[in-house]
Student: 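This is the structure, below, for whatever I ask next.
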Amino acid sequence: MSAAADWVALRAAAAAVSAHAHAPWSGLRVGAAGLTDDGRVVAACNVENASYGLTLCAECGVVSMARAGGSGALVALAVVAGDGQPLAPCGRCRQVLMDNGGPGLLIDAGAGAPPVTLGDLLPSPFDTDELLARRRS
Ligand code: THU
């Protein structure tokens, strides 16, 4: 089952959870909210680490929550900074999202703009098709 995305609600959920961000190092609070293919909304924030490189992006939390709840994939995602404005998913998150939403995953581009697809943001991805076709058996 897949539901149409309520972008206003997704942005609001992302903005609300950004208040829980643990971002003492960058000072950038991030919230992300995703709609799953079974109609759930899951939201998460960034969690920074003193070692910097172990920081968890908000989108990774969303993916983890979606899977933990039994969803197969994300169908829509809003990412905002603490100011409520849309934020572009980082490169690593685009790759993580590709395995958990595919190129058709809709990404919010903000009020007044149509959503973009993950395929727009990450063209020619390394994906599971390539992995399965090219690995040594
Ligand atoms: N951040 C995210 O949570 N998602 C992104 O897609 C971009 C970056 C976080 C990680 C770090 O805590 C802060 O933003 C600055 O990079």
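If you're wondering where the values come from, they're calculated on a predicted model, not measured in any experiment. First listed ligand is number 1; within each ligand, the first listed atom is number 1. Count residues from 1 along the sequence.
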Student: Are Leu87 and Leu121 linked, directly or through intermediate hydrophobic residues, by side-chain heavy-atom contacts shorter than 4.5 Å (ILVMFWY only)?
Tutor: yes
Student: Which heavy atom of the protein is the closest neighbour of atom 11 (C) of ligand 1, given with residue, atom name and distance?
Tutor: Glu48 OE2, 3.2 Å
Student: Could you tell me if Asn46 and Arg29 have a donor-acceptor pair between their side chains, going purely by distance under 3.5 Å?
Tutor: no
Student: Looking at side-chain heavy atoms only, is the closest gap between Arg40 and Leu35 below 4.5 Å?
Tutor: no
Student: Quick one about Thr55 and Asn49 (side-chain donor to acceptor, distance below 3.5 Å, no hydrogens or angles considered), yes or no?
Tutor: no
Student: Below 4.0 angstrom from a heavy atom of Thr55, which ligand 1 atoms are there? Numbered from 1 as shown, please.
Tutor: 10 (C), 11 (C), 12 (O)
Student: I'd like to check which ligand 1 atoms, numbered from 1 as shown, lie under 4.0 Å from a non-hydrogen atom of Leu28.
Tutor: 14 (O), 15 (C)
Student: Ala23: heavy atom below 4.0 Å from ligand 1, yes or no?
Tutor: no
Student: Kindly indicate, with the supporting measurements, whether the criterion side chain to side chain contact (heavy atoms under 4.5 Å, CB included) is fulfilled by Leu97 and Leu105.
Tutor: CA-CA 8 Å; Leu97 290 165; Leu105 171 60; 4.0 Å; yes
Student: How far is atom 6 (O) of ligand 1 from its nearest protein heavy atom, and which residue and atom name does that atom have?
Tutor: Glu59 OE2, 2.6 Å
Student: Checking a contact table here: which protein heavy atom is nearest atom 1 (N) of ligand 1, and how many Å away?
Tutor: Cys57 SG, 3.7 Å
Student: Does an N or O anywhere in Val30 fall below 3.5 Å from an N or O of ligand 1?
Tutor: no
Student: Under 4.5 Å between side-chain heavy atoms, hopping through other hydrophobics if needed: is there a path connecting Trp7 to Val17?
Tutor: no
Student: Which residue and non-hydrogen atom of the protein lie closest to atom 3 (O) of ligand 1, and at what distance in Å?
Tutor: Ala58 N, 3.0 Å
Student: Evaluate the 4.0 Å heavy atom contact test for atom 16 (O) of ligand 1: does a protein atom fall under the cut-off?
Tutor: no
Student: Under 4.0 Å from any heavy atom of Ser26, which atoms of ligand 1 are there?
Tutor: 13 (C), 15 (C)
Student: Would Leu87 count as being in polar contact with ligand 1, using the rule that some N or O on each side must be under 3.5 angstrom apart?
Tutor: no
Student: Identify, by atom number and element, the atoms of ligand 1 in contact range of Pro89, meaning under 4.0 Å from any of its heavy atoms.
Tutor: 6 (O)
Student: Is Leu74 close to Val63 at the side-chain level, that is, under 4.5 Å between some pair of heavy atoms?
Tutor: yes
Student: Do Ser18 side-chain atoms and Ala15 backbone N/O form a donor-acceptor pair below 3.5 Å?
Tutor: yes
Student: Can you pull out the closest protein heavy atom to atom 7 (C) of ligand 1? Residue, atom name and distance to 0.1 Å, please.
Tutor: Cys90 CB, 3.9 Å
Student: Could you state the interatomic distance from OG1 (Thr117) to CD1 (Ile107), rounded to the nearest 0.5 Å?
Tutor: 8.0 Å
